[in-house]
Structure formats: structure tokens, C-alpha cells
Amino acid sequence: MKRENKMLQNYTQLIERIAKSSRLSVEDIERRIEAKRAKLSGLISKEGAAQIVASELGINFEKEKMKVSELLPGMKKVNIVGKLFLFFL
């Protein structure tokens, strides 16, 4: 149950990021995602369809800076920059 809630939360965050970047409503993004899934006969996850929709809208998250807490499962090409506070040998 926790995993399903986390996946739903990640999907919701992804949709909100796409909506913000595209200046479209969340509802419009969701319609596009469902249309993409229907076109692909449901053979793609909601997250995968969302990534395709984002790409079609010209949205690329590759160079976007975000907090570690905003990282989502399934993200690719993520570069993490951090500061080490304690180092053990």
C-alpha cells in the first residue's frame, strides 16, 4: 500500500512539473497522458506516457536543478551535486 501511495505521489509531482513548465492545466496534461496510453494500447506506464507528453511539449528536465527530495524514481541522467561534511577513511 505504501508503494502505491508513493508511486501516485511521484506521478502527481511529475504532472505538476509538466503543467508548470508548459503552462497548461493539470487536467489537460492528464488528458494528454491518457490519450497517449490509449494510443499505445496501455502498454506504457502513466509515468512513461507523462515523459513522452513532456518531450512532445518540448520540456526537458535534464538540466533542471532540483532538491534531492524532488527526485523521482525512474528519472534518468540525474547529476547530483553535494557537499561532504564528514569523511571516513
Side-chain angles (χ1 to χ4, degrees):
M1 188 71 158
K2 279 186 175 181
R3 186 167 194 259
E4 290 176 10
N5 287 340
K6 185 69 173 169
M7 288 175 63
L8 180 60
Q9 181 183 10
N10 292 340
Y11 174 70
T12 302
Q13 288 174 341
L14 180 58
I15 289 177
E16 289 170 355
R17 292 176 73 85
I18 295 169
K20 182 179 176 185
S21 295
S22 67
R23 298 184 180 163
L24 296 172
S25 70
V26 169
E27 294 79 16
D28 189 31
I29 299 299
E30 288 178 330
R31 277 193 296 273
R32 290 172 184 239
I33 290 168
E34 289 307 316
K36 184 61 63 181
R37 289 190 78 211
K39 184 177 180 181
L40 297 172
S41 304
L43 297 174
I44 190 168
S45 68
K46 286 184 176 184
E47 292 83 0
Q51 291 288 348
I52 292 172
V53 168
S55 178
E56 290 175 348
L57 292 170
I59 300 168
N60 184 345
F61 296 116
E62 283 184 28
K63 300 200 182 209
E64 186 173 328
K65 292 185 179 183
M66 61 181 68
K67 295 179 181 179
V68 171
S69 63
E70 296 175 330
L71 295 175
L72 303 172
M75 287 183 149
K76 297 180 179 175
K77 298 182 183 178
V78 176
N79 294 316
I80 299 175
V81 178
K83 188 182 286 187
L84 292 175
F85 290 104
L86 196 55
F87 183 74
F88 295 98
L89 289 176

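Because the structure is predicted, anything quoted here is derived from the model rather than measured.
- Contact detail for Ile33 and Lys46: the closest heavy-atom pair is CG2-O, 3.9 Å.
- With sequence neighbours excluded, no residue satisfies side chain to side chain donor-acceptor pair (under 3.5 Å) with Arg37.
- Looking at every heavy atom in both residues, Ala19 comes nearest to Ser25 through CB-C, 4.2 Å.
- Distance CZ/Arg17 to CD/Gln13: 8.0 Å, rounded to 0.5 Å.
- Phe85 belongs to no hydrophobic cluster, as no Ile, Leu, Val, Met, Phe, Trp or Tyr side chain comes under 4.5 Å of its own.
- Rounded to the nearest 0.5 Å, atoms CZ (Arg32) and CD1 (Ile18) are 10.5 Å apart.
- Shown here are the side chain to side chain donor-acceptor pair (under 3.5 Å) partners of Glu56, two or more places apart in sequence or in another chain: Lys36.
- Interatomic distance, Ile52 CD1 to Ile44 CD1, rounded to the nearest 0.5 Å: 3.5 Å.
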task = Apply side-chain contact (heavy atoms from CB on, under 4.5 Å) to Leu14 and Gln51, showing your working.
result = CA-CA 9 Å; Leu14 180 58; Gln51 291 288 348; 3.8 Å; yes

message = Before you tell me yes or no, could you show the steps for Glu27 and Arg31 under side-chain contact (heavy atoms from CB on, under 4.5 Å), namely the whole-Å CA-CA distance, both residues' side-chain angles and the distance that decides it to 0.1 Å?
response = CA-CA 6 Å; Glu27 294 79 16; Arg31 277 193 296 273; 3.9 Å; yes

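- Of the inter-residue distances, the one linking Ser21 atom OG with Ile59 atom CD1 reads 5.0 Å to the nearest 0.5 angstrom.
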